[in-house]
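Here is the structure we will look at, set down as structure tokens.
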Protein chains: 2
Amino acid sequence: MGKRVYFFGGGKSEGDATMKNLLGGKGSNLAEMTNIGVPVPAGFTITTEVCTEYYEGGKGYPEGLKEEVIEEMKKVEEIMGGKFGDKDNPLLVSVRSGARVSMPGMMDTVLNIGLNNTTIQGLIAKTNNERLCYDSYRRLLQMYGNVVMSVPSGEFEKILGSIKEKQGAKSDADLTVENLKKVIEDYESLINEKAGKPFPEDTFEQLWGAIGAVFESWDTKRAIEYRRINNIPGDWGTAINVQTMVFGNMGDNSATGVAFTRNPSTGDNKFYGEYLINAQGEDVVAGIRTPQPITNEQKTDPDMVSLEDAMPEIYKELDGIQKNLEIHYKDMQDIEFTIQNGKLWMLQTRLGKRTAASAVKIAVDMMKEGLITKEEAVLRVQPAQLDQLLHPMIDPKAKIDVLAVGLPASPGAATGRVVFTADDAVEKEKEWGKIILVRSETSPEDIHGMNVAQAILTQRGGMTSHAAVVARGMGKCCVAGCSALQIDYDKKQFSVADKVIKEGDYITLDGSKGQVIDGKVDTVESTLSGDFGELMSWADEFRKLEVHTNADTPHDSKIAKDFGAEGIGLCRTEHMFFEGDRIDSMREMILAEDVEARKKALEKLLPIQRDDFVGLFRVMDGYPVTIRTLDPPLHEFLPHTDEEIKELADKIGVSSEKLKTKAENLKELNPMLGHRGCRLGLVYPEITEMQARAIIEAAVIVQKEGIKVHPEIMIPLVAHINELRKQKEIVVKAAEEVMEKTGEKIDYKVGTMIELPRAALIANEIAEEAEFFSFGTNDLTQTTFGLSRDDAGTFLPFYTENEILPADPFITVDQDGVGQLMKMGVERGRNTRKDLIVGICGEHGGDPETVIFCHDIGLDYVSCSPYRIPIARLAAAHAALKDFKTETKGEA
Amino acid sequence: MGKRVYFFGGGKSEGDATMKNLLGGKGSNLAEMTNIGVPVPAGFTITTEVCTEYYEGGKGYPEGLKEEVIEEMKKVEEIMGGKFGDKDNPLLVSVRSGARVSMPGMMDTVLNIGLNNTTIQGLIAKTNNERLCYDSYRRLLQMYGNVVMSVPSGEFEKILGSIKEKQGAKSDADLTVENLKKVIEDYESLINEKAGKPFPEDTFEQLWGAIGAVFESWDTKRAIEYRRINNIPGDWGTAINVQTMVFGNMGDNSATGVAFTRNPSTGDNKFYGEYLINAQGEDVVAGIRTPQPITNEQKTDPDMVSLEDAMPEIYKELDGIQKNLEIHYKDMQDIEFTIQNGKLWMLQTRLGKRTAASAVKIAVDMMKEGLITKEEAVLRVQPAQLDQLLHPMIDPKAKIDVLAVGLPASPGAATGRVVFTADDAVEKEKEWGKIILVRSETSPEDIHGMNVAQAILTQRGGMTSHAAVVARGMGKCCVAGCSALQIDYDKKQFSVADKVIKEGDYITLDGSKGQVIDGKVDTVESTLSGDFGELMSWADEFRKLEVHTNADTPHDSKIAKDFGAEGIGLCRTEHMFFEGDRIDSMREMILAEDVEARKKALEKLLPIQRDDFVGLFRVMDGYPVTIRTLDPPLHEFLPHTDEEIKELADKIGVSSEKLKTKAENLKELNPMLGHRGCRLGLVYPEITEMQARAIIEAAVIVQKEGIKVHPEIMIPLVAHINELRKQKEIVVKAAEEVMEKTGEKIDYKVGTMIELPRAALIANEIAEEAEFFSFGTNDLTQTTFGLSRDDAGTFLPFYTENEILPADPFITVDQDGVGQLMKMGVERGRNTRKDLIVGICGEHGGDPETVIFCHDIGLDYVSCSPYRIPIARLAAAHAALKDFKTETKGEA
């Protein structure tokens with residue numbers, strides 16, 4: 001065993017950023033900062049190997065460790081100009097854990113080690129601040145007593161509370177020196193009584209007690225559980241950092257602050273931060289005193305006193321350090337500093353958190369400044385962040401009154417007046433302008449209302465319920481499954497607890513957070529900057545996956561293409577049947593008594609479908625267009641209420657009773673597992689035939705206009721090869737007839753959804769017929785888990801909150817289960833057909849983690865709703881770059 | 001290429017039973033019979049290799065074939081004493097196909113080859129039967145004209161029909177010789193006209209034409225399709241059998257008959273059959289003349305004339321032959337014979353079809369006679385056949401009027417008066433006795449009605465619908481999903497087309513065929529003979545799989561144990577909650593507002609559950625008892641109609657409205673994929689805790705009585721390891737508390753259902769916690785196919801009829817898909833835990849094919865409903881013996 005303790009301080013350290021495994025994240029970072037000349041309070045790091053030895057050796061310290069620590073402490077004393085345990089010029093230290101990876105809140109810390117009844121007098125003399133010293137001692141007793149000597153922290157709180165009450169003190173700050181002395185006395189008695197021995201006066205005994213306690217905290221139940229969940233090996237151990245304490249509250253030449261090397265909101269390349277004179281770190285964030293700006297440029301009020309003005313020399317030093325840190329770490333830094341008696345100390349530097357807009361700007365700027373490469377710039381922006389940029393947001397400065405929280409089903413924010421039916425939506429929108437549609441749940445019949453609404457709020461349904469899927473497709477804000485709502489359609493109102501919202505009242509939805517907010521709230525539109533476009537074009541240089549879109553109309557396809565879609569990955573033909581009069585022909589088809597009647601109804605639908613496809617082909621202009629044949633159970637198209645039934649019955653000339661019976665007969669106990677998908681096209685082959693004809697006829701029309709057309713006809717819900725075989729026969733026959741009749745040759749493909757476990761299992765067989773696969777991961781997740789996305793609302797939140805499931809499998813593909821089937825599908829499919837095209841068109845196609853997984857398993861493309869396309873493009877680039885090594889030293 | 005044509009006849013043949021690949025099934029069998037001295041009309045077989053050569057050589061015959069045929073024909077002539085094509089003593093032959101495996105009805109045959117306008121005169125002279133000869137010639141023209149010369153058979157029928165009409169002849173037999181001559185004349189003109197050439201007078205030309213046509217029929221579309229479905233390689237080819245024609249209708253010393261070497265109904269070892277003097281084969285089965293018994297013992301009427309009396313010498317010869325054949329083939333034979341002019345010819349011998357009862361008796365008898373081994377005896381009875389023995393049947397002699405056909409959901413037959421509600425069932429049963437419950441579909445609330453009913457008829461639902469599963473469990477006849485029914489609950493009647501059946505009317509159900517029959521029909525009870533028990537005990541000697549039962553009550557468990565169950569593989573605890581007052585406590589639990597209220601309700605249920613388990617443990621007396629924790633969605637337990645809701649609301653003191661809302665909230669769009677299974681036990685851990693306590697407390701009680709107890713607690717619907725982990729924690733904690741409190745140590749296990757694709761995929765993880773797996777193949781099939789068993793009724797029959805699916809996957813496990821997951825589950829599970837116990841408890845557990853599959857993939861046991869247990873035991877023995885080679889020569 002070699003060196004066990006690594007010193008840092010005074011511009012030199014024995015470690016550096018590369019030694020994270022040995023010194024832990026924090027220790028190596030303190031060493032690195034010291035090395036590049038940043039003034040860091042001196043200290044030393046006890047290595048992770050000692051932790052391992054500690055446990056292997058039955059919780060004893062290895063021989064020679066104590067001597068090493070004493071030696072390093074001497075170096076600290078020398079540099080910091082104090083002496084640990086000295087009665088005249090005492091030096092205080094903190095003892096902190098520091099594992100290879102951060103385990104926030106999991107492990108213990110002890111501050112102010114080195115104070116006792118003797119050294120406190122020296123500290124008072126040195127600082128001339130009696131209150132600070134007694135308060136520090138009180139804190140030491142409380143932390144040490146609890147962490148090291150196992151006295152329950154509640155007991156300390158009880159003592160503190162009772163003295164505060166007695167003194168009428170509102171906060172700790174109101175306690176006088178005398179009060180604090182009384183607290184200290186009571187704390188000492190408490191420790192003596194509960195621990196069976198007194199708080200150690202010996203400062204080295206304090207130090208070893210703290211070190212032991214921090215090592216012990218590596219093996220607490222919660223730390224073990226945290227490691228299990230996060231896959232951190234138990235034998236990594238933690239390092240321990242012993243570092244000199246500095247105080248920003250020693251007087252008016254002391255201060256403390258936090259800052260960012262660039263503006264974290266806008267990304268502007270300007271130093272930005274706040275500080276407070278004579279204060280501790282927590283005061284800056286606590287909001288009792290108003291922090292002041294660091295720079296003059298930041299000032300919004302002439303009364304403000306910037307650090308630049310108040311302490312110009314210190315400011316200059318700090319500005320130099322921050323520039324240095326950013327260049328060194330090659331990213332925007334979030335720094336903490338303390339000024340103790342006119343001396344600047346840097347306590348921490350880490351990656352600065354930032355808004356989406358600033359992330360984009362910083363990445364693009366830094367690339368142009370030559371600080372980072374194009375690859376790094378692309379990797380600097382998290383794909384999920386982009387969602388913020390693509391939708392309006394609640395004004396961050398607005399005060400809001402949250403009525404209830406549902407699922408964040410479709411991002412963005414919107415304000416409007418409440419309506420309760422799709423018809424009302426259409427009518428009231430003309431009168432009122434912005435409206436929000438509130439429903440128990442939505443169905444395809446509500447589309448016209450959703451179309452005019454600003455946003456949609458539902459009481460039931462999950463992240464992939466009808467409302468959620470349609471809203472995302474429309475790029476519209478939606479809060480779904482908000483079970484706290486009680487909707488009363490008759491009275492046209494909903495209530496949450498005692499609050500009643502009537503038709504016409506204003507509400508605001510935050511679809512990114514799932515919030516339902518009372519009244520009007522200002523929203524801010526995020527605009528796409530030139531930086532955004534530039535970053536996207538860089539992403540496109542790297543990604544291997546194509547990005548297609550799920551779109552059913554020329555309008556949506558156009559939006560998607562503008563966002564960069566390279567094809568339509570899923571056109572759901574059923575959505576086309578709900579508009580205007582089409583639904584009547586559709587219903588006529590469903591209610592047909594025999595094949596002939598059905599064919600007659602289908603003949604009416606054919607030209608309509610054909611026109612739809614012509615529109616899509618024109619917009620997509622040579623990109624592939626994947627069209628899925630009819631998928632949903634037929635009863636979805638039928639009217640539900642008695643009134644609607646009567647209306648339809650009159651229209652098509654059958655009795656209401658008959659129509660009702662038919663609708664009743666079509667109802668299913670589990671429609672998701674019922675007569676839908678290719679099962680419809682098999683029992684009613686004339687439906688598939690009509691759709692195939694409409695597609696190929698449309699392709700002929702558009703191709704004759706000189707536009708390239710690549711239709712891909714996709715058969716849904718295939719479980720057995722014979723299903724695909726028979727459907728393909730129908731499609732090919734119809735296509736050949738059209739091509740022969742028109743003399744036009746169309747380059748079309750026939751493929752299938754892989755959306756049932758069985759399809760993935762027999763993908764080798766299926767690829768004999770299918771020219772392409774598209775993973776329908778919504779259904780595949782439902783069937784693999786045996787979990788209906790529409791019904792999961794009652795228990796899935798419980799599952800994710802209680803970590804029964806690591807994530808909602810309808811948002812991010814479950815790689816362990818569903819992912820196995822996808823891998824199987826790709827491998828087995830390509831075993832049979834080497835050039836098989838494989839994509840994904842489930843809702844997961846726009847989820848960054850899923851996109852990366854799709855890249856890894858070798859998919860050709862992902863397809864997602866139009867507004868997710870930039871996210872998918874960036875995620876695809878990240879996937880392609882995941883083995884790219886950045887030049888950044890260590891982790892900031 | 002070696003020998004191409006194999007002779008048989010006169011007691012000697014060039015082939016034998018082992019040469020099936022070369023001579024086809026029929027050819028090798030004719031050779032075998034000849035070899036053992038059976039008088040077979042002489043002939044020869046052209047090998048399958050010639051067929052292959054025929055196709056490879058562009059449909060030409062290999063060199064030398066014609067010469068070989070001519071040579072073999074000479075041998076035939078010599079033995080049969082006639083000459084092919086001779087005008088004085090003509091010999092007629094048939095040309096038949098004969099592939100390695102039988103392809104019934106797929107290929108062509110031509111009879112009476114050798115007749116022409118010249119030879120017919122010789123035949124008339126020889127037979128002295130002008131009509132026979134002209135009729136034979138007419139048949140030749142018709143068959144040959146169609147099969148060889150491609151004249152549509154309808155054209156022949158037209159000619160025949162018009163002449164019959166002109167003559168006022170009702171059947172062919174009414175035509176005179178003159179009429180037949182006219183038919184022949186017209187046939188000859190027809191052929192000449194349609195084929196462009198005359199029917200060949202040259203008999204060898206006839207022969208080659210027929211041989212070519214039979215070869216061609218190997219490659220017709222229907223034959224190719226048949227081979228594809230049955231996995232028969234196209235290059236096997238067919239052999240061709242050319243055999244001398246014999247006639248049983250040459251006069252009163254001619255006859256024809258069919259017989260069995262033992263009684264096919266009872267299995268009695270007595271020769272049994274029917275014959276007709278001066279008749280052709282088809283006359284025996286046509287029913288125009290009444291066939292006579294072969295033996296005197298068979299005579300049921302003194303006027304009957306047995307063959308034994310009519311032709312004692314021939315009878316003796318025939319009896320000798322049949323004995324010989326049975327000994328030779330070591331199984332009961334179905335034989336055909338013809339007596340031509342006092343000479344006995346055997347035309348065919350094959351395996352005799354038999355009833356279940358006779359199959360059992362024959363197998364046991366033959367073993368005792370030393371004819372076959374014990375293994376062979378076990379293999380002689382098909383497991384599925386046993387179903388007949390375990391349930392009453394419609395009297396085969398009864399005349400029935402089938403109203404409609406539904407799914408054969410639970411076997412057996414029953415007659416009774418119709419009722420339409422469970423309550424009516426209970427009430428009317430007291431008054432009327434036997435009743436049949438008719439419902440759209442059943443739910444757990446109908447149990448009391450199902451209990452008293454003779455049988456159940458439903459309009460909706462499939463083979464694994466509630467009605468079907470419960471009926472099979474009760475061993476009760478059920479016809480499900482009979483969609484032709486129109487039920488009118490208000491009028492208490494149902495109609496099928498125009499027929500109306502009212503409450504109190506009699507109907508009869510045949511649950512084995514799915515028939516709904518009008519009125520009362522006699523049923524016959526099958527009794528289990530001693531032979532049955534003996535055969536079962538032999539099966540038990542061989543099988544490796546254990547057979548457990550799915551049973552929820554001591555009563556069912558007792559039945560199952562008597563049938564040989566070695567444990568309970570699935571006790572569904574939810575069924576226990578429907579009886580009597582229990583449902584109220586259950587509802588109270590579901591409607592509870594908080595944990596405390598829920599616990600209070602559960603406290604009431606605990607002693608009831610405990611008593612249930614005590615009963616099961618006592619009956620199973622040391623066998624393992626696998627108990628599944630609560631599985632179905634809670635709303636199943638709530639009342640549905642307004643009336644029921646009001647009643648319950650009053651009883652438990654909440655408002656009807658509130659109760660209705662709660663029930664409404666619990667409703668799910670896809671309950672199969674909703675809040676059920678372990679998802680209930682996770683959200684409401686107190687339910688699992690109560691059940692675990694009840695199980696272990698019951699075990700303690702019974703163990704104290706000196707009875708061994710092995711409870712196995714099974715967690716349903718696990719998809720993620722954390723679900724099982726958390727449920728197991730609850731179970732173990734409860735169990736340990738009970739054991740500590742009582743001081744009794746219980747040998748219990750905790751395991752899980754594998755019923756979701758994801759569970760199979762991560763079986764390695766799941767086995768870390770699970771001590772046993774049980775495949776829930778109902779749910780696994782539903783999720784793997786994405787197919788609800790309750791809704792599949794609308795299209796699954798279409799799928800199986802149209803061969804989209806080879807079989808109903810809810811009856812026989814889909815080995816290609818679901819089976820892959822099962823294999824995965826076993827392998828991965830045992831990789832983690834070598835001694836993992838694995839069983840199956842889906843409805844498939846009693847299906848013979850599935851049982852064999854379960855044996856193959858290494859399961860420890862199958863579990864099925866009580867009445868399927870003998871079937872599973874026998875199937876398990878078959879599985880274990882599947883590599884056992886019988887000594888039988890060839891296939892009879």
Side-chain angles (χ1 to χ4, degrees), chain A residues 441 460-461 483 486 633 661 665-666 668-677 679-680 682-683 717 719-720 722-723 725-726 755-762 765 779-780 782-792 794-796 798-799 802-806 809 814 816-818 820-821 824, chain B residues 441 460-461 483 486 633 661 665-666 668-677 679-680 682-683 717 719-720 722-723 725-726 755-762 765 779-780 782-792 794-796 798-799 802-806 809 814 816-818 820-821 824:
Chain A
E441 61 209 345
R460 292 191 206 154
S483 52
Q486 302 279 353
T661 309
N665 280 343
L666 284 172
E668 299 183 301
L669 290 174
N670 294 281
M672 200 65 75
L673 306 176
H675 196 184
R676 51 172 287 234
R679 296 162 193 169
L680 293 171
L682 281 157
V683 175
L717 215 71
H720 195 282
N722 288 346
E723 295 176 312
R725 192 172 280 142
K726 296 208 174 210
E755 54 185 336
L756 297 173
R758 197 178 190 282
L761 289 163
I762 60 150
E765 276 184 64
D779 270 309
L780 192 60
Q782 293 195 97
T783 45
T784 305
F785 274 89
L787 191 64
S788 152
R789 54 186 174 176
D790 291 318
D791 301 311
T794 52
F795 55 94
L796 200 54
F798 177 90
Y799 263 47
N802 290 275
E803 285 173 349
I804 297 170
L805 286 182
D814 156 51
D816 293 343
V818 176
Q820 272 196 53
L821 289 174
M824 227 178 256
Chain B
E441 61 209 344
R460 293 192 206 154
S483 52
Q486 302 280 353
T661 309
N665 280 342
L666 284 173
E668 299 183 301
L669 291 175
N670 294 282
M672 200 65 75
L673 307 176
H675 196 183
R676 51 171 287 235
R679 297 161 193 170
L680 292 171
L682 281 157
V683 175
L717 215 71
H720 195 282
N722 287 346
E723 295 176 313
R725 191 172 281 143
K726 296 209 173 208
E755 55 185 334
L756 297 173
R758 197 178 191 282
L761 290 164
I762 60 150
E765 278 183 63
D779 271 307
L780 192 59
Q782 293 194 96
T783 45
T784 304
F785 274 89
L787 191 65
S788 152
R789 53 187 174 176
D790 291 319
D791 301 311
T794 51
F795 55 94
L796 200 53
F798 176 90
Y799 263 46
N802 289 276
E803 285 171 350
I804 297 170
L805 286 182
D814 155 51
D816 293 342
V818 176
Q820 271 196 54
L821 289 173
M824 226 179 256

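Just so it is clear, the values below take in all heavy atoms, side chains as well, and ignore hydrogens, waters and symmetry mates. Proteins get letters first, then strands, A, B, ... in listed order; numbering begins at 1 in each.
E668(B) touches chain A through backbone and side chain together, each having a heavy atom under 4.5 Å away. With a 4.5 Å cut-off on non-hydrogen atoms, R676(B) does not touch chain A at all. Contact annotation for E803(B): only backbone heavy atoms (N, CA, C, O) come within less than 4.5 Å of a heavy atom of chain A. With a 4.5 Å cut-off on non-hydrogen atoms, F785(A) touches chain B through its backbone and its side chain both. Neither the backbone nor the side chain of D779(B) comes within contact range of chain A; no heavy atom of the residue lies under 4.5 Å from a heavy atom of that chain.
Across L680(B), L761(B), L780(B), the residue that shares the most heavy-atom pairs under 4.5 angstrom with chain A is L761(B). Per-residue heavy-atom pair counts under 4.5 Å with chain B were compared for E723(A), R679(A), Q820(A), R725(A), and the maximum is reached by R679(A). Your options are T661(A), L717(A), L756(A), L805(A), and the one with the most heavy-atom pairs under 4.5 Å with chain B is L756(A). Interface remark: of the candidates G674(B), P671(B), S483(B), P671(B) forms the most heavy-atom pairs closer than 4.5 Å to chain A. The most heavy-atom pairs under 4.5 Å with chain B, out of G786(A), G817(A), P806(A), come from G786(A). Taking A759(A), A760(A), A792(A), P757(A) one by one and counting their heavy-atom pairs under 4.5 Å with chain B, the maximum is reached by P757(A). Note on L796(A), V683(A), I762(A), N802(A): by heavy-atom pairs under 4.5 Å with chain B, the leading option is V683(A).
The backbone N or O of L669(A) lies less than 3.5 Å from no partner atom in the side chain of D790(B), so there is not a single donor-acceptor pair. Side-chain atoms of N670(A) do not come within 3.5 Å of backbone N or O of S788(B) as any donor-acceptor pair.
The closest side-chain heavy-atom distance from T784(B) to T783(A) is not below 4.5 Å. For the pair Y799(A) and H720(B), the minimum side-chain heavy-atom distance is 4.5 Å or more. Counting heavy atoms from C-beta outward, K726(A) and I804(B) have side chains that approach closer than 4.5 Å.
Going from atom CD of Q782(A) over to atom CG of L673(B) covers 6.5 Å, rounded to the nearest 0.5 Å. Between R758(A) atom CZ and L821(B) atom CG the span is 10.0 Å, to the nearest 0.5 Å.
For R460(A), the side chain to side chain contact (heavy atoms under 4.5 Å, CB included) partners two or more places apart in sequence, or in a different chain, are E441(A).
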